[in-house]
Amino acid sequence: MKERRVGLPDLPDVGEGTVVLRFAPNPNGLLSFGHSRGLIINSEYAKAHNGTLILRFDDTDTIQKAPLLSAYEKIEEEVEWLTGLKPKIIIASERMEYYHKHAVQLLEMDGAYICLCSGDEFKEIRKNKQECSHRHQDIEENLDLWMQMKDGRLKPGDAVMRVKTDMTLPNPALRDWPAFRIQDTKTNPHPRPNIGSRWRVWPLLDFQSAVEDHLQNVTHIIRGKDLMDSTRKQLLLYDKFGWEYPTTIYWGRVKIHEYGGFSTSQIRRDIESGKYSNWDDIRLPTIASMRRKGMNAEALKAFWIELGLTQKDISVPLSSLFSHDTKIIDIKTPRISFVREPKSLELVGGELPASITVPSHPEHSNFKPRIIDLSTKIIMVEKADIDEALSKSNKFRLKDLADIEITDGKAIITSIDSAGGLRIIHWVANGKETNLYYNEDDGINCQKGILENHSHPIGTQVQLERIGYAVIEETGLVLSHN
RNA sequence: GCUCGCGUAGUGUAGCGGCCCAUCAUGAAGCCCUCUCGAGGCUUCGACCCGGGUUCAAAUCCCGGCGCGAGCACCA
């Protein structure tokens with residue numbers, strides 16, 4: 001039997017120098033679940049090779065995916081939470097000089113031209129493997145047009161800079177791809193105050209990313225296979241500059257059963273319109289939301305490492321992620337009782353003590369035990385359990401308390417010690433009315449119930465016995481998962 | 001339409017010429033343990049997309065088919 005490989009495959013092409021990887025989100029919103037893959041895979045390799053992780057903000061679109069000023073710091077914090085690493089920060093919008101410098105250099109090498117075709121016109125030309133007239137402008141003309149793009153004589157939509165590849169390339173995506181376009185930053189200023197309306201001519205992803213990867217000595221690019229053609233475009237650019245392209249690795253598409261299609265832009269609009277309360281709304285597939293619900297960074301890490309780097313498109317249920325999380329949180333969550341649809345029962349008979357002490361965890365004694373006052377002799381149990389009592393057996397074991405027999409709303413104690421063989425149910429004495437919130441089909445459900453009195457601070461993750469894990473918040477409980 | 005990529009149990013994943021009547025996890029079923037329907041332990045179930053070829057030998061290499069996905073934006 002061959003040995004089973006565990007964890008991530010070895011990183012290929014690890015040379016003498018330091019390994020440099022990057023994670024490059026658009027700060028038009030906070031990180032979503034999907035981002036965590038790129039972050040974890042790249043950071044794990046960086047850690048394994050004692051290399052560098054670059055967090056690069058690709059904030060070069062001020063119109064369609066305008067950056068969110070507050071996202072920069074928050075993403076940085078999310079990255080540290082998720083990876084445990086302090087990444088090197090690069091902000092594309094603050095590095096425009098470099099991109100412009102390389103643009104001019106490329107024009108001077110006759111490796112690019114300013115194209116005045118409309119998008120539709122060029123689409124047709126590309127499809128037919130033709131060349132547009134602008135392709136044959138001489139270098140001086142191109143440099144002049146570049147100036148016109150920069151100084152405002154050419155308006156957004158009038159011109160783009162295209163990298164001269166080959167219009168007969170079999171892959172249509174690679175034919176003279178666009179590298180720079182004009183954005184009206186007077187009416188749509190960049191939200192970073194030091195950038196604002198300073199630039200009109202902005203690089204597109206393929207150019208900006210390619211140049212920056214070279215400038216940062218990125219050694220490995222690991223990303224989704226939807227960016228394969230992007231690599232091929234960038235390779236053509238690297239050839240012109242005589243640079244060596246990093247090693248690239250791709251992963252396939254992942255779909256989570258429970259998550260529909262969503263985009264950061266859409267989430268942002270929905271938050272702004274009030275559909276969602278914020279980035280940590282429990283319905284959202286964001287890192288902020290998952291964190292709020294108690295998800296562990298380690299679970300996310302284990303989950304993505306398990307999926308690995310295959311290029312096949314996969315679809316996984318959320319329960320697969322939760323099973324990793326359960327393993328991590330089970331030992332560190334104190335147990336507490338929460339009764340949904342409570343029905344009260346009066347305890348009758350038996351030698352009932354005034355209070356009992358119950359452990360907060362079945363195996364670990366590092367939690368303070370719970371002391372439960374029984375002086376009122378009234379307890380609450382779940383309606384579903386009572387219903388079962390009516391239909392099947394009316395005998396139960398109240399967990400950690402007593403064997404009982406239910407008749408007419410009374411719980412007659414038959415034994416304090418467990419006689420065994422009885423169904424064990426949970427209960428609450430002296431609880432507080434509390435709401436348990438959980439998301440289901442893009443809606444928030446609220447389950448009312450009685451939560452056992454406790455002294456856990458806000459933010460504590462607990463296990464609601466027989467129900468699942470939840471986080472205690474100011475306004476109630478938020479279900480993690482069961 | 002053109003281009004690229006991918007197809008191993010229900011879901012993920014390992015293996016990438018002989019060690020494979022195929023790994024591990026998850027899931028389902030059952031049992032054990034436990035004063036939770038949680039955790040833990042054990043058992044069982046279940047897969048190499050199809051068809052050719054190469055080879056003494058193919059999940060693994062080649063070709064064809066089929067299926068799935070992505071790119072062809074003045075988004076990232």
- Message: Any base atoms under 4.0 Å from Arg253(A), or only sugar-phosphate, or nothing? Heavy atoms, all strands.
- Response: sugar-phosphate

- Tyr45(A) and His220(A): aromatic ring centres closer than 6.0 Å? no

- Item | Between G5(B) (P) and Tyr250(A) (OH): distance, integer Å | 10 Å

- Message: Tell me the interatomic distance from Lys127(A), atom NZ, to G71(B), atom C1', rounded to whole angstroms.
- Response: 17 Å

- Query: Taking CD1 from Ile314(A) and P from G10(B), how many angstroms apart are they, rounded to a whole number?
  - Reply: 16 Å

- Query: Asp313(A) CG to G5(B) C1': how many Å, rounded?
  - Reply: 8 Å

- Task: Tell me whether the OP1 or OP2 atom of A76(B) has a side-chain N or O from Arg181(A) closer than 4.0 Å.
- Result: yes

- Query: For the side chain of Gln463(A) and the base of U36(B), is some donor closer than 3.5 Å to an acceptor across the two?
  - Reply: yes

- Upstream residue (5' side of RNA chain B) when Pro170(A) and Leu205(A) are each assigned their closest nucleotide: Pro170(A)

- So which one's nearest nucleotide on RNA chain B is more toward 5', Lys225(A) or Gln183(A)? Lys225(A)

- From the options C75(B), G38(B), G5(B), select the nucleotide whose nearest atom is closest to the side chain of Arg335(A). G38(B)

- Task: Give one of base, sugar-phosphate or nothing for Arg232(A), where a contact means two heavy atoms less than 4.0 Å apart.
- Result: sugar-phosphate

- Message: What contact category does Tyr469(A) fall into here, base, sugar-phosphate, or nothing, at under 4.0 angstrom with non-hydrogen atoms?
- Response: sugar-phosphate

- Side-chain atoms of Arg5(A) come closest, of C6(B), G71(B), A14(B), to A14(B)

